[in-house]
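Every value quoted in this text rests on a predicted model; they were computed, and no experiment measured them. Side-chain atoms are counted along with the backbone in the values below, which use heavy atoms only and exclude waters and symmetry mates.
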Amino acid sequence: MFLSAAIRRRPEFRAGIRDMSSAALGIGAWGLMTGVAMVKSDMSVLESVAMTLLVYAGSSQLAAIPLLFAGAPAWVILATGFCVNLRFVVFSLHLRPYLMHMPRWRRMTHGYLTADLSYALFTRQYAVPPATAAEQQSQEAYLTGNYFVTWCSWMGMSLLGIALANFIPQSWGLGFAGVLSLVAIVCSMATTRLRVLAALVASATAVAAYALPLKLNIVVAIGAAVLLCFWLEKRFGLDPDAEDDK
């Protein structure tokens, strides 16, 4: 089995669970409101459950729901989901050296289950890829513990939202708790001037490009921050993982 006893017994797996637990409430609130939104958009319970279990992408689900409700063509819905989730291309490029020692099926499983918060916590915990077999096992266990909490929180609360959709008003705005959790994680990772600059550039670009269709402002913001920081690293020899002097 993928979540083997060897992984579950490692202290890094428990550490990953512990570190992610603080964000579980926000993830769950976001999942709850996504489940409610699907049912209230006239999707059937079966369709809502299928989307929850198969898609596993909150931002894409929320972007696709109004398009489904409006009867948009399938290619428009698929293109929207693709554009919204383009940030995972950046994530996967960053994680590639961490996972390349694994068989393809394990890399694909990790890639599917790694969400925004689990990626953020994992890369904060491990700034460099593993150099030994022991480090490979430790990092995989920590990543697995991280997204184990994320997956359980999202799936459990999304299904609860589907079940209780007619009793939970969308005006509660519980999904905003998920946004706050992500902001908190990002702020805790801004430990160097270069990381702070990347966050500021990405935020400003996302706001400036908000009018772009299909939420392409998110993709543009990521690209702008990555390209600027890459240029600064090459031009001035900056280390993005080096802590600033106090």
Side-chain angles (χ1 to χ4, degrees), residues 2 20 23 27 30 34 51-65 67 74-130 139-140 142-144 146-147 150-151 154 178-179 181-183 185-186 189-190 194-195 197-234 240-241:
F2 179 70
M20 183 58 73
I27 295 170
W30 199 352
T34 301
M51 177 177 259
T52 296
L53 296 177
L54 298 177
V55 176
Y56 188 48
S59 54
S60 284
Q61 288 175 243
L62 291 174
I65 287 170
L67 297 176
W75 72 267
V76 173
I77 299 172
L78 293 174
T80 300
F82 176 79
C83 291
V84 169
N85 276 345
L86 272 177
R87 68 191 186 278
F88 286 102
V89 175
V90 179
F91 295 171
S92 64
L93 287 173
H94 188 189
L95 290 176
R96 186 176 186 274
Y98 290 87
L99 306 179
M100 278 305 296
H101 63 278
M102 302 178 187
R104 180 178 288 109
W105 72 269
R106 284 173 65 184
R107 297 199 305 269
M108 293 180 67
T109 303
H110 284 308
Y112 174 73
L113 294 173
T114 299
D116 298 87
L117 290 178
S118 50
Y119 164 80
L121 283 179
F122 175 76
T123 52
R124 184 182 67 175
Q125 180 72 14
Y126 297 102
V128 296
Q139 292 189 11
E140 183 179 13
Y142 185 85
L143 179 63
T144 305
N146 264 342
Y147 66 58
T150 303
W151 189 89
W154 179 266
V179 177
S181 297
L182 184 57
V183 170
I185 295 296
V186 171
M189 294 179 66
L194 194 58
R195 291 179 180 179
L197 178 62
L200 292 176
V201 169
S203 301
T205 304
V207 173
Y210 184 76
L212 290 176
L214 303 178
K215 296 189 181 295
L216 283 173
N217 61 313
I218 298 174
V219 180
V220 172
I222 294 173
V226 169
L227 290 175
L228 175 62
C229 291
F230 180 77
W231 179 79
L232 289 174
E233 288 177 43
K234 296 299 183 181
D241 298 316

Colleague: Where do Pro130 and Gln139 come nearest, in terms of heavy atoms and distance?
Modeller: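 Reported closest heavy-atom pair: CD-OE1, 3.1 Å.
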
Colleague: Could you tell me whether the side chain of Thr205 and the main chain of Ala202 form a donor-acceptor pair under 3.5 Å?
Modeller: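 Not confirmed, Thr205 side chain does not pair with Ala202 backbone.
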
Colleague: Tell me every residue that passes ring-ring contact (aromatic ring centres under 6.0 Å, His included) with Phe122, counting only those two or more places apart in sequence or in another chain.
Modeller: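 Testing Phe122 for ring-ring contact (aromatic ring centres under 6.0 Å, His included), a comparison that skips the adjacent residues, returns Tyr98, Tyr126.
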
Colleague: Tyr112: what forms a ring-ring contact (aromatic ring centres under 6.0 Å, His included) with it, not counting sequence neighbours?
Modeller: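 Scan of Tyr112 (ring-ring contact (aromatic ring centres under 6.0 Å, His included), adjacent residues dropped) gives Tyr56.
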
Colleague: Can you see which heavy atom on Ser118 is nearest to which on Thr150, and at what distance?
Modeller: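 Taking every non-hydrogen atom into account, CB-OG1, 4.2 Å.
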
Colleague: Can you list the residues that meet the ring-ring contact (aromatic ring centres under 6.0 Å, His included) rule with Phe88, with sequence neighbours excluded?
Modeller: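 Only Phe91 meet the ring-ring contact (aromatic ring centres under 6.0 Å, His included) criterion with Phe88.
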
Colleague: How many angstroms lie between CG in Leu228 and CH2 in Trp231, if you round to the nearest 0.5 Å?
Modeller: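 Separation between the atoms: 7.5 Å.
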
Colleague: Can you name the nearest heavy-atom pair linking Asn217 to Ala206, along with the distance?
Modeller: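 For Asn217 versus Ala206, the nearest heavy atoms are ND2-O, 3.1 Å.
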
Colleague: Considering residues at least two apart in sequence or located in another chain, which fulfil the side chain to side chain contact (heavy atoms under 4.5 Å, CB included) criterion with Met102?
Modeller: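 Once residues adjacent in sequence are excluded, the partners of Met102 under the side chain to side chain contact (heavy atoms under 4.5 Å, CB included) criterion are Leu99, Arg106, Arg107, His110, Glu140.
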
Colleague: Kindly write out the residues that satisfy side chain to side chain contact (heavy atoms under 4.5 Å, CB included) with Ala204, not counting sequence neighbours, or none if the list is empty.
Modeller: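 Applying side chain to side chain contact (heavy atoms under 4.5 Å, CB included) to Ala204 gives none.
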
Colleague: Nearest 0.5 Å, what's the CG-CG distance between Leu227 and Leu232?
Modeller: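 With rounding to 0.5 Å, CG (Leu227) is 11.0 Å from CG (Leu232).
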
Colleague: State, with a plain yes or no, whether a side-chain heavy atom of Leu113 is found less than 4.5 Å away from one of Leu143.
Modeller: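 Contact flag for Leu113/Leu143 side chains = no.
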
Colleague: Apply side chain to side chain contact (heavy atoms under 4.5 Å, CB included) to Thr52 and list each qualifying residue two or more places apart in sequence or on a separate chain.
Modeller: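 Met38, Gln61, Met155, Ser158, Leu159, Ile162.
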
Colleague: Between Ala225 and Ala198, what is the shortest heavy-atom contact and its length?
Modeller: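 Shortest heavy-atom contact: CB-O, 3.6 Å.
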
Colleague: Please determine whether side chain to side chain contact (heavy atoms under 4.5 Å, CB included) holds for the pair Thr114 and Asn146, giving the CA-CA distance in whole Å, both sets of side-chain angles, and the decisive distance to 0.1 Å.
Modeller: CA-CA 8 Å; Thr114 299; Asn146 264 342; over 6 Å; no

Colleague: If you compare all heavy atoms of Ile65 against all heavy atoms of Thr34, which two are closest, and at what distance to 0.1 Å?
Modeller: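 For Ile65 versus Thr34, the nearest heavy atoms are CD1-O, 4.3 Å.
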
Colleague: If you look at every heavy atom in Ala64 and Ile77, which pair is closest and at what distance?
Modeller: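 Looks like CB-CG2, 3.9 Å.
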
